Participant: 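Structure incoming, see below.
Note that ligands are numbered from 1 as they come in the structure, with each ligand's atoms numbered from 1 the same way. None of the values given here were measured: they were computed from a predicted structure.
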Amino acid sequence: MEKKELAKRCPYVKKCGACQIGEKSYEEELADKKKWVAECIGRHCGKIHDVAGMYYPYHYRNKVHAVFGRRSDKGREEVIAGTYAAGTHTIIPVKDCLIEDAQAAAIIQTVTGLIQSFGLWVYNDDTGRGLMRHVLVRKGTSTRQIMVVLVTASPEFPHKNHFVERLMERHPEITTIVQNINGKETTMVLGERNKTLYGKGYIEDVLLGLHFRISPGSFYQVNSEQTQVLYKKVIQAAGLTGTETVIDAYCGIGTIGMCMHAKAGRVVGIELNGQAVKDAKANAVRNHLEHMYFAAADATEYMTRMSQKGERADVVVMDPPRSGSTEAFVRAAVSLRPRCVIYVSCNPETLGRDLGWFAKEGYAADEAWPVDMFGFTQNLEVVVKMQPAGRRKAPR
Ligand code: SAH
């Protein structure tokens with residue numbers, strides 16, 4: 001579908017900051033994304049493949065967030081939910097978005113209506129007063145499980161039980177409801193405390209045949225379909241034979257490492273976020289993975305300690321946040337003398353910088369496989385395989 005058509009169908013496209021790409025077809029977008037990857041990493045990487053695009057680039061986001069606000073309409077105060085207009089604090093009330101899950105959008109509309117009918121106070125960023133701040137809906141694409149996270153400024157939630165009852169009546173498809181308390185003046189959506197109001201307090205999803213538990217604050221890729229395409233590239237690039245020690249650095253809830261487990265000797269996931277590590281450990285048990293280990297630690301410190309003890313790794317997989325990695329991490333990874341490093345990046349710019357650090361340490365990038373997970377936005381994922389320069393194949 002042409003973007004022109006998208007603009008026609010999406011009334012928010014000009015105001016809302018979520019889709020940034022101009023009037024282009026999805027195919028043109030993919031070609032542009034490949035060019036961008038080449039600009040960022042071309043100087044370090046021998047071969048960049050075409051971007052693996054989505055079959056259907058709409059309604060792919062399994063995580064939908066909205067912020068609450070108020071507006072006056074013909075003298076009547078109304079609760080609204082939506083997204084901040086790009087670079088501002090003005091809320092654009094988005095009812096249905098072409099890239100977000102439609103079921104999640106409908107739930108958000110119901111939550112907004114209930115806040116209004118229960119007379120709950122909406123949080124005001126400027127004064128720091130009010131209760132209801134955000135709503136986050138996460139969905140397990142394969143399991144159809146749905147989690148609703150209601151973010152409040154304080155633990156008191158008047159009419160809580162009745163609110164939950166009414167929400168469940170309207171959306172019996174919801175499997176869990178969590179209250180998250182965030183009283184801080186911050187741009188972060190979630191605070192540290194969660195109270196389960198209904199169900200288990202987490203959802204599950206299935207990727208490449210494995211089950212993953214996802215808590216409110218744990219990182220999970222927003223496009224489950226393409227995540228499997230991405231992980232298959234990682235597995236293929238690593239070329240495992242069944243005996244290797246694999247490090248999954250920045251592992252989140254352990255998804256990448258667990259998907260590699262069947263083909264590896266032993267996998268060690270390293271992750272800083274305690275809630276994600278708890279999920280990861282539960283996931284390893286749930287999937288009966290016997291040679292899967294997790295460390296709640298800073299990846300650089302953990303790998304440095306490993307190499308000080310004389311330990312090695314055959315393959316290091318790394319999937320850092322958008323800000324990329326650090327020179328210290330690169331030195332720590334290389335000190336384990338892996339036969340290859342597989343870098344999974346969601347930001348070609350920091351990837352380019354980091355490949356430069358690896359090159360200085362004698363690891364050269366052979367091939368890159370870009371995978372589009374975020375159609376109609378400027379983001380994508382890239383998998384890069386690096387090997388010690390001596391082992392690198394002759395350029396084609
Ligand atoms: N590989 C996972 C998660 C990637 S997101 C997946 O595919 O789902 C990046 C993760 O890195 C986040 O979970 C974040 O908490 C973690 N992280 C950030 N800095 C870290 C550090 N210094 N050491 C270990 N983990 C870190």
Side-chain angles (χ1 to χ4, degrees), residues 61-63 138 140-142 188-190 192 202-208 210-235 237-238 246-261 264 267-284 287 292-306 313 315-333 336 341-347 350-351 354 357 369 371-374 379-384:
R61 277 192 70 95
N62 61 26
K63 176 166 127 180
R138 300 183 88 171
T141 306
S142 311
M188 300 277 285
V189 173
L190 295 182
E192 276 159 26
Y202 58 85
I203 51 163
E204 285 188 311
D205 200 11
V206 181
L207 294 175
L208 303 178
L210 297 172
H211 292 253
F212 294 102
R213 152 178 147 168
I214 306 153
S215 291
S218 297
F219 177 89
Y220 186 67
Q221 290 284 5
V222 296
N223 181 337
S224 311
E225 204 69 48
Q226 287 298 94
T227 296
Q228 301 182 72
V229 174
L230 181 78
Y231 290 177
K232 278 188 197 162
K233 297 276 177 220
V234 174
I235 296 168
V246 177
I247 299 286
D248 178 10
Y250 307 96
C251 73
I253 61 169
T255 43
I256 298 181
M258 289 194 216
C259 290
M260 299 177 85
H261 180 272
V267 183
V268 182
I270 317 169
E271 165 63 47
L272 207 49
N273 175 331
Q275 196 177 57
V277 175
K278 225 171 127 196
D279 282 351
K281 287 182 176 166
N283 289 335
N287 293 297
M292 184 81 229
Y293 307 90
F294 288 100
D298 171 81
T300 305
E301 285 174 15
Y302 190 85
M303 289 190 299
T304 306
R305 280 200 300 275
M306 274 181 75
V315 176
V316 173
V317 178
M318 57 188 286
D319 182 13
R322 286 188 63 74
S323 51
S325 194
T326 61
E327 262 189 290
F329 175 99
V330 171
R331 281 195 298 271
L336 297 173
V341 176
I342 314 290
Y343 194 140
V344 183
S345 163
C346 58
N347 183 348
T350 50
L351 174 65
D354 299 358
W357 290 334
W369 295 268
V371 178
D372 187 36
M373 318 258 280
F374 318 103
N379 303 318
L380 85 165
E381 295 274 336
V382 188
V383 176
V384 176

Participant: Using ring centroids (six-membered ring only for Trp), state whether F329 and Y250 fall under 6.0 Å.
Facilitator: yes
Participant: Got more than 12 heavy atoms from elsewhere within 6.0 Å of OH, Y302?
Facilitator: no
Participant: Does either side chain, that of Y343 or that of D354, offer a donor lying less than 3.5 Å from an acceptor on the other one?
Facilitator: yes
Participant: With sequence neighbours left out, what residues match E192 under salt bridge (Lys or Arg N to Asp or Glu O under 4.0 Å)?
Facilitator: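 Partners of E192 by the salt bridge (Lys or Arg N to Asp or Glu O under 4.0 Å) criterion come out as none, since no residue qualifies.
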Participant: Please identify each residue that fulfils side-chain contact (heavy atoms from CB on, under 4.5 Å) with A296, with sequence neighbours left out.
Facilitator: V277
Participant: Show me, by chain and number, every protein residue that has a heavy-atom distance under 4.0 Å to ligand 1.
Facilitator: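 For ligand 1, the contacting residues are F219, Y231, Y250, C251, G252, T255, I256, E271, L272, N273, A297, D298, A299, D319, P321.
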Participant: Sequence neighbours excluded, which residues qualify as side-chain contact (heavy atoms from CB on, under 4.5 Å) partners of T141?
Facilitator: N62, D205, S224
